[in-house]
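See below for the structure under consideration.
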Amino acid sequence: MRKKRNTVIFAALVILVALGSLLVQETLLKKEGSYAVVSSGGEEAARLPLSKNTELVIGDKKQGYNRIRVEDGFVFVEEADCADKICVHEGKISRTGEVIACLPHQLIITVESANRDDADTVAW
Ligand SMILES: [Zn+2]
């Protein structure tokens with residue numbers, strides 16, 4: 001009897017934890033003001049808010065370029081002249097931690113949540 005009771009409590013705990021983490025994820029994902037951080041050659045080149053539709057070209061036609069677009073909360077590489085075009089085919093990303101990389105151009109786009117920025121702001 002006691003064992004069964006423990007099992008029920010355990011199951012309830014597992015469900016609670018699962019629901020909790022789901023809630024946290026949902027809140028983080030739906031948090032507005034997430035950024036697409038664009039790094040070129042290992043250095044941060046731009047930080048684009050996903051809430052604002054915009055376009056950014058990194059590089060030029062001589063050295064190679066990536067045309068990055070932010071649209072409806074997503075960021076993606078619209079066009080690039082790299083050989084493999086993997087960055088273009090990676091499609092749209094919007095969730096914290098997702099990455100688009102263009103290895104030939106040493107370009108990396110990552111999505112960061114605004115929470116980290118809040119923490120940074122508090123720190124100074
Ligand atoms: Zn590429």
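Counting starts at 1 for both ligands and their atoms, following the listed order. None of the values given here were measured: they were computed from a predicted structure. Below, all heavy atoms of this structure are taken into account, side chains as well, without hydrogens, waters or symmetry copies.
- Side-chain contact between Leu48 and Val38 is present, with at least one heavy-atom pair separated by less than 4.5 Å.
- The set of protein atoms (N, O or S) found at less than 2.8 Å from the Zn ion (ligand 1) reads Cys82 SG, Cys87 SG, Cys102 SG, by chain and number.
- Across all their heavy atoms, Tyr65 and Asp81 have their closest contact at N-OD1, 2.8 Å.
- The shortest heavy-atom contact between Asn53 and Glu71 is OD1-CA, 3.4 Å.
- A side-chain donor-acceptor contact under 3.5 Å links Glu90 to the backbone of Ala101.
- By the 4.5 Å heavy-atom criterion applied to side chains, Ile68 and Leu107 are counted as neighbours.
- Between Glu44 and Val37 the shortest side-chain heavy-atom distance falls below 4.5 Å.
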